Amino acid sequence: ETGVTQSPTHLIKTRGQQVTLRCSSQSGHNTVSWYQQALGQGPQFIFQYYREEENGRGNFPPRFSGLQFPNYSSELNVNALELDDSALYLCASSLGPGQGRNEAFFGQGTRLTVV
Amino acid sequence: AQSVSQHNHHVILSEAASLELGCNYSYGGTVNLFWYVQYPGQHLQLLLKYFSGDPLVKGIKGFEAEFIKSKFSFNLRKPSVQWSDTAEYFCAVNVGSQGAQKLVFGQGTRLTINP
């Protein structure tokens, strides 16, 4: 176990709806990154939060947004869901900044299905 | 844009066979390189990492990888695989020049070990 927990583990949404995914980071970690893993693909970086501020964003549209709370837990929000948003969403926590040398620990993910 | 390419999508081996999984990256700056493993139903786990120094790095469970800068490669090897090595393997490069890791992953290689 990594100490990174994500909820829910699975959910099904209808196209056009909105969804919120949650992540509790490992104790002591102040950085949370979110990744999208489509079926048969590697994870793709969505964005990262460091001390409650966005610290980098991948090639995802603005309807993907996030938050980080004072306890360093995080939310990923997706508006106007599309069928292609169906994927496993992974959260990774780490201790930043660390010049990229501090290991990121991944949660088990939330499987989102959009119908 | 930075990218990571894994040459083999699905590799099938018998127990005790030797393993080499290819990984090439496209990134002009200083690289931090990683191999992650995802066992069925489990979270992504770090196998090994390269930051600097000896280009031959050893990881957990008998895995090793060699960084060849001139070939932009970071191939994963194991001299003798076991049935328990059946999993999905991902090569990744960190593109976060500051702060915590922002990982670009390859598409993954599914490894099946037949007993």
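Every chain is numbered from 1 and lettered A, B, ... according to where its sequence line falls, protein lines coming before strand lines. All heavy atoms count here, side chains included; hydrogens, waters and symmetry mates do not. For clarity, every value in this text was computed on a predicted model and none was experimentally measured.
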> Residue by residue, which of residues 37-46 of chain A have a heavy atom closer than 4.5 Å to a heavy atom belonging to chain B?
Replying inline: A:Gln37, A:Gly40, A:Gln41, A:Gly42, A:Pro43, A:Phe45
>> How about CZ on A:Arg63, more than 12 heavy atoms from neighbouring residues, nucleotides or ligands closer than 6.0 Å, or not?
In response: yes
>> Take a 6.0 Å sphere around CG of A:Asn59 and say whether it holds more than 12 heavy atoms from other residues, nucleotides or ligands.
In response: no
> According to a 4.5 Å side-chain heavy-atom criterion applied to Ile, Leu, Val, Met, Phe, Trp and Tyr, with indirect links allowed, do A:Leu90 and B:Phe34 form part of one hydrophobic cluster?
Replying inline: yes
> Sequence neighbours excluded, which residues qualify as ring-ring contact (aromatic ring centres under 6.0 Å, His included) partners of B:Tyr39?
Replying inline: none
>> Just to verify, what does A:Glu54 make a salt bridge (Lys or Arg N to Asp or Glu O under 4.0 Å) with, not counting sequence neighbours?
In response: A:Arg57
> Would B:Leu33 and B:Val37 show up in the same hydrophobic cluster when neighbours are defined by side-chain heavy atoms closer than 4.5 Å?
Replying inline: yes
> Does B:Lys102 reach the main-chain N or O of A:Asn55 with its side chain, forming a donor-acceptor pair under 3.5 Å?
Replying inline: yes
> Quick one: what part of B:Glu88 sits under 4.5 Å from any heavy atom of chain A, side chain, backbone, both or neither?
Replying inline: neither
> Do the non-hydrogen side-chain atoms of B:Leu103 and A:Tyr35 ever get within less than 4.5 Å of each other?
Replying inline: yes
Please list, one pair per line, the donor and acceptor atoms closer than 3.5 Å that link side chains of residues 6-13 of chain B to other protein atoms, with sequence neighbours excluded.
unit_1, atom_1, unit_2, atom_2, d
B:Gln6, OE1, B:Cys91, N, 3.0
B:Gln6, OE1, B:Gly108, N, 3.1
B:Gln6, NE2, B:Tyr89, O, 3.0
B:Gln6, NE2, B:Thr109, OG1, 3.3
B:His7, NE2, B:Asn24, OD1, 2.5
B:His10, NE2, B:Thr112, OG1, 2.9

